[in-house]
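The block underneath contains the structure these notes are about, expressed in structure tokens.
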Amino acid sequence: MKKKKRANRPIKQSVKPILAGVLFVFIVLLIALLSNIIKKYTPTSEHIKLAKYFNIETEDQVGLVIQDEIIEKKAKLIDGVVYLEYNLVRDNLNERFYWDSNENKLLYALPQDLISVDVGSKDYYVGKKKNTKNYAIIKVEGDTAYIAVDFIKEYTDMDYNFFKEPNHVMIVNEWNEVLETSLKKDSEIRLLGGIKSPIVEDLKKGETVTLLEKGKTWSKVRTKSGFLGYIKNNKLNQAKEVKVNREFKQPEYTNIKKDYTINMVWHQITNADANGTLLEAIAKTKGVNTISPTWFALSDEEGNISSLASQSYVNYAHQLGIEVWALVSNFEVEVDTNKVLSYTSKREKLINQLIAEAIEYNLDGINVDFEELSKETGDAFLQFIRELSIKCRNNDIVLSIDNYVPMSHTAFYNRKEQGIVADYVVIMGYDEHYEGSEEGSVASKSFVETGIINTLKEVPAEKVILGIPFYTRIWKETPKTKEEIAKEDPNTDYVPYNLTSVPAGMETVEKMLKGYNVTPVWDEKLGQYYAQILEKNEGCTYKIWLEAGKSIEEKLKLMKTHKLAGVAEWKLGLEKSEIWDIILKYVN
């Protein structure tokens, strides 16, 4: 039998198309892979639209770079002049510019004079002297005020460059040493680090850039034309430190500085007859070289003051070698302080009255005690202090400002600026606990020292006076009745007593303790004596954190340790006579 032939040919013919298909797919995948690899490692040539880079939306908007940051707010180009928003200037460039939105005035306080400009005017006044620019200095659009950048530059340690296409401004206001480097070859600055980030600017070999942040592979730089971006480190030459200089003379705010340790006592005067108590009250003291009678107070919302000033009082103090720094307060009558300080004309009226009183009565100083200000009043208060400091400086009058111990919610009092324009900053180192608060010490040692330390972060020690209390508070816990307990909200923390307190001087507290035959105990941590009285007849408990010789000395030690300018006591008449011997050891 013959063997049948195998059908090899048809099999070979069916395999070839399959192999070809596999090969095609492989080639396609390889091409795709290579394409992705090439795409991944090929830098993009896309250039970002520069208007988008600065987020410019209208023709009058100008992009803004300050130091090493693109600012969200825009400058304005009006009649060929660049303007910056007032708030931006105050917060970023120069806090001494002050915009009075009530009377549409721009103000700037120099050491000896006040600069004033009306909206839309090319004229400005330095004191009473008129000057003129070739541009409107300040413009207003809606509720926003804009200041010409050239005017800002005259009074601010800054420089700027204006560029077109698109319109943008680069401002430099830090003048320490900077790192500069140049390009090894033609390259580009990208929006972010990475070759896929769009190009901001093309640069040529040898061009110089400022190195802002050095990264492992990419570094942030600022170009001469005012752009910020990133470039690969291997395209940069070695960076060098360059000293950047600008010829700008900072204004010199001269101050009066006493060559002795200040020992000031506040003397509360509530009526004209009380001025006659000086002789008797001061005779009990030792080492007092400054007295601050509470003579002046805001009397209305137009900037007027009430006065209890007495020439015989001043004459007698001067005969004893004691300076008189009369106090002005904002709390003797109910007055909205913001409605006074936020108007230039009212501030001027207030200041002129204070200076007139100081000159008429031959006062040595003015002590400002404006308390419980709202945050919205902060800028106006600082402007008041600046403007008052000009008149005080020109008339050789000491200016001191009373301040709470620093807390976050009183930061707007701006002790740093006070410490520049005023002669002395007084820490009111008391009211740690107060009427309406939980019970506790008026001025524990740690409270006072923390107040000193935090104040010294902003004000030089030779300008700081520590205010200490001659008083304490007598706290009274009265058990609640069943009816009161029944009416209470069950969701609140349960307190079994009603709490009240009254301020009291040293003699009053000492008599009270003797009457109950109670001996106070020294608390080393608080730096104070503590006493507790169980009043059986009234069914209540008294708690007292005493101010006495030993606690006062603890505070005086802090004054000496931190090398402060002196001490101030609230108030004359609340102390025991032996306290002055202790104070004398630290101020003599």
Side-chain angles (χ1 to χ4, degrees), residues 39-57 61-75 82 84-85 87-94 149 152-153 156-246 248:
K39 184 178 180 180
K40 181 178 180 181
Y41 293 101
T42 300
T44 181
S45 58
E46 174 194 1
H47 285 67
I48 191 171
K49 292 182 179 180
L50 295 178
K52 181 179 178 182
Y53 174 78
F54 288 112
N55 198 24
I56 294 173
E57 297 177 346
Q61 287 186 333
V62 177
L64 183 59
V65 174
I66 298 180
Q67 207 64 32
D68 57 357
E69 181 182 359
I70 299 174
I71 305 300
E72 184 178 345
K73 289 183 177 180
K74 307 295 176 291
V82 176
L84 300 181
E85 278 191 35
N87 287 343
L88 183 142
V89 174
R90 178 197 62 196
D91 296 340
N92 295 275
L93 299 174
N94 190 332
V149 69
I152 298 167
K153 181 182 174 183
T156 307
D157 192 6
M158 55 161 274
D159 209 345
Y160 84 94
N161 287 291
F162 174 65
F163 305 94
K164 295 183 177 181
E165 298 181 1
N167 292 336
H168 64 284
V169 170
M170 180 178 72
I171 294 175
V172 176
N173 64 338
E174 294 179 10
W175 305 104
N176 299 321
E177 289 186 343
V178 299
L179 289 173
E180 286 192 352
T181 182
S182 59
L183 274 66
K184 294 179 180 179
K185 54 185 177 180
D186 293 355
S187 189
E188 61 283 322
I189 304 299
R190 296 186 179 275
L191 182 63
L192 300 170
I195 60 175
K196 295 304 178 183
S197 185
I199 296 169
V200 175
E201 184 179 11
D202 293 301
L203 298 177
K204 298 292 185 182
K205 177 182 178 180
E207 285 197 58
T208 302
V209 294
T210 301
L211 184 62
L212 302 176
E213 295 176 13
K214 182 69 178 295
K216 290 183 178 180
T217 307
W218 294 79
S219 291
K220 185 179 181 181
V221 298
R222 183 180 66 226
T223 71
K224 296 294 184 183
S225 50
F227 294 105
L228 304 177
Y230 291 80
I231 187 171
K232 262 194 167 183
N233 293 339
N234 59 15
K235 296 181 179 180
L236 297 174
N237 289 310
Q238 184 70 30
K240 296 180 180 179
E241 287 189 351
V242 176
K243 181 68 176 177
V244 182
N245 294 311
R246 167 172 152 73
F248 179 80

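All values reported here derive from a predicted model rather than from experimental measurement. As a basis for the values below, the full set of heavy atoms in this structure was taken, side chains included, without hydrogen atoms, waters or symmetry mates.
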Exercise. Measure the spacing between OG1 of Thr217 and OH of Tyr230 and express it to the nearest 0.5 Å.
Key: 13.0 Å

Quiz prompt | Whether Glu201 side chain and Phe227 backbone form a donor-acceptor pair below 3.5 Å | solution = no

Quiz item: Hey, is the main chain of Lys204 close enough, under 3.5 Å, to the side chain of Asp186 for a donor-acceptor pair?
Solution: no

Quiz item: Between the main-chain N or O of Thr42 and the side-chain N or O of Lys196, is there a donor-acceptor pair closer than 3.5 Å?
Solution: yes

Quiz item: With a 4.5 Å heavy-atom cut-off, do Ile171 and Asn92 have their side chains touching?
Solution: no

Quiz item: Backbone N or O of Ser225 within a donor-acceptor pair of the Asn161 side chain at under 3.5 Å?
Solution: no

Quiz item: If every non-hydrogen atom of Val200 is compared with every non-hydrogen atom of Leu50, which pair is closest and at what distance?
Solution: O-CD2, 3.6 Å

Exercise. Mark yes or no for whether Gln67, through its side chain, and Asn173, through its backbone, hold a donor-acceptor pair below 3.5 Å.
Key: yes

Exercise. Please say whether more than 12 non-hydrogen atoms of neighbouring residues, nucleotides or ligands are located less than 6.0 Å from NZ in Lys73.
Key: yes

Self-check item: Short side-chain to backbone donor-acceptor contact, Ser182 and Thr208, under 3.5 Å
Solution: no

Quiz item: Which pair of heavy atoms, one from Tyr160 and one from Val169, lies closest together, and at what distance?
Solution: CD1-CG1, 4.0 Å

Practice problem: Decide if atom CD of Gln238 counts as having more than 12 heavy atoms of other residues, nucleotides or ligands within a radius under 6.0 Å. | Solution: no

Quiz prompt | CG on Leu203 to CG on Leu183, rounded to 0.5 Å | solution = 5.5 Å

Quiz item: What are the two closest non-hydrogen atoms of Gly215 and Asn233, and how far apart are they?
Solution: O-ND2, 2.8 Å

Quiz item: Hey, are the side chains of Ile70 and Tyr53 touching, using non-hydrogen atoms and a 4.5 Å cut-off?
Solution: yes

Quiz item: When the ring planes of His168 and Phe163 are compared, do they come out parallel, tilted or perpendicular, using 30° and 60° as the limits?
Solution: parallel

Quiz prompt | Heavy-atom neighbours of Lys52 NZ exceed 12 at 6.0 Å | solution = no

Practice problem: Indicate the atoms forming the closest heavy-atom contact of Thr44 with Ser197, along with that distance. | Solution: CG2-O, 3.5 Å

Self-check item: Check: Met158 main-chain N/O paired with Thr156 side-chain donor or acceptor under 3.5 Å
Solution: no

Practice problem: Could you grab the distance from atom NZ of Lys74 to atom CG of Asn167, nearest 0.5 Å is fine? | Solution: 13.0 Å

Quiz item: What distance separates Leu84 CG from Asn94 CG, expressed to the nearest 0.5 Å?
Solution: 12.0 Å

Quiz item: Is it true that a side-chain atom of Arg222 and a backbone atom of Thr210 form a donor plus acceptor pair closer than 3.5 Å?
Solution: no

Practice problem: Mark yes or no for whether Lys220, through its side chain, and Asp68, through its backbone, hold a donor-acceptor pair below 3.5 Å. | Solution: yes

Quiz item: So, does Trp218 use its side chain to make a donor-acceptor pair with the main chain of Arg190 at under 3.5 Å?
Solution: no

Quiz item: Which pair of heavy atoms, one from Met170 and one from Gly226, lies closest together, and at what distance?
Solution: SD-CA, 3.5 Å

Self-check item: Steps toward side-chain contact (heavy atoms from CB on, under 4.5 Å) verdict (Asp202, His47)
Solution: CA-CA 9 Å; Asp202 293 301; His47 285 67; 2.6 Å; yes

Practice problem: Working to the nearest 0.5 Å, report the span between CD of Glu69 and CG of Leu212. | Solution: 11.5 Å

Quiz item: Looking at Ala239 and Thr181, what are the two nearest heavy atoms and their distance?
Solution: CA-CB, 4.0 Å

Quiz prompt | Euclidean distance, Leu64 CG relative to Ile56 CD1, rounded to 0.5 Å | solution = 10.0 Å

Quiz prompt | CA sep, side-chain torsions, deciding dist, call: Lys243, Glu241, salt bridge (Lys or Arg N to Asp or Glu O under 4.0 Å) | solution = CA-CA 7 Å; Lys243 181 68 176 177; Glu241 287 189 351; over 6 Å; no

